[in-house]
Amino acid sequence: MRFFTPLLIVATLASPLATLAANQHEHDGAAPQKLELNAGKKWATDAPLRQAMTAIRSSVAITLPAAHAGKASKADYDALGREVTVQVAYMVQNCKLDPKADAQLHTIIGDMMNGAEAAEGKQPDKSRASGVVKIAQGLNTYGTYFDHTGWQAVKLPH
């Protein structure tokens with residue numbers, strides 16, 4: 001039963017809407033329609049957010065070149081999707097951001113979960129490779145709006 005509960009949490013968080021709803025745990029605001037800086041500055045981050053985003057970036061850095069070359073396997077795409085889901089669950093469980101920063105993050109996480117679903121083949125109208133690109137774009141957006149020392153944007157093909 002110990003293994004089943006975390007698995008159930010991760011499965012529940014696999015949907016972008018579930019992720020956004022789950023992350024509303026202690027915050028009043030809805031996810032913003034448009035991302036914005038914090039009075040012209042990047043939003044503050046905390047250690048769990050930085051750790052999770054770094055882990056996702058590492059996975060994307062491995063999968064993106066293979067996807068671009070047409071050499072990524074279903075297992076590669078599925079592994080990336082699972083990693084994104086696990087890291088988002090970690091973020092949700094360890095959320096310590098200011099509510100306004102958290103609201104900004106919701107938009108980025110929603111886009112990344114959407115990409116994870118596409119990468120896992122759960123969106124038949126989208127290619128798995130396009131899901132990897134969507135996750136990479138989300139990571140780059142995160143770097144634009146959040147203060148993560150040493151963050152490096154993911155180089156996107158073409």
With rounding to the nearest 0.5 angstrom, report the [atom1] to [atom2] distance, [X] to [Y].
X	Y	atom1	atom2	result
Met91	Met53	CE	CE	4.5 Å
Lys134	Met113	NZ	CE	13.0 Å
Ile135	Leu80	CD1	CG	4.0 Å
Asp46	Asp98	CG	CG	11.0 Å
Asn140	Gln152	CG	CD	11.0 Å
Ile56	Tyr90	CD1	OH	12.0 Å

Could you go through Trp151 and Tyr142, starting from their C-alpha distance and side-chain angles, then the distance that decides it, and tell me whether this counts as ring pair (Phe, Tyr, Trp, His ring centres under 6.0 Å)? CA-CA 9 Å; Trp151 184 259; Tyr142 163 76; 5.0 Å; yes
Taking all non-hydrogen atoms of both residues, which atom of [X] and which atom of [Y] are closest, and how far apart?
X	Y	answer
Val154	Ala136	CG1-CB, 3.8 Å
Ala118	Gln123	CB-OE1, 3.7 Å
Ala44	Ala101	O-CB, 4.4 Å
Leu139	Arg57	CD1-CA, 3.6 Å
Ile62	Pro65	O-CD, 3.6 Å
Gln87	Ala52	OE1-CA, 3.3 Å

Given side chains that start at C-beta, do those of [X] and [Y] come closer than 4.5 Å, heavy atoms only?
X	Y	result
Leu156	Leu64	yes
Gln137	Met112	no
Leu37	Gln104	no
Tyr145	Leu105	no

Please check: side-chain N/O of Asp76 versus main-chain N/O of Ser73, any donor-acceptor pairing under 3.5 Å? yes
So, does Thr63 use its side chain to make a donor-acceptor pair with the main chain of Val60 at under 3.5 Å? no
Sorted by chain and residue number, the ring pair (Phe, Tyr, Trp, His ring centres under 6.0 Å) partners of Tyr77 (sequence neighbours excluded) come out as none
With Asn94 via side chain to side chain donor-acceptor pair (under 3.5 Å) - residues at least two apart: none
Scan for side-chain hydrogen bond (donor to acceptor under 3.5 Å, both in side chains) pairs involving residues 35-45, sequence neighbours excluded, and state none if there are none. Thr45-Arg50
For Lys96 and Leu49, run side-chain contact (heavy atoms from CB on, under 4.5 Å): C-alpha distance rounded to whole Å, both residues' side-chain angles, the deciding distance at 0.1 Å, then the answer. CA-CA 9 Å; Lys96 301 281 191 244; Leu49 174 59; over 6 Å; no
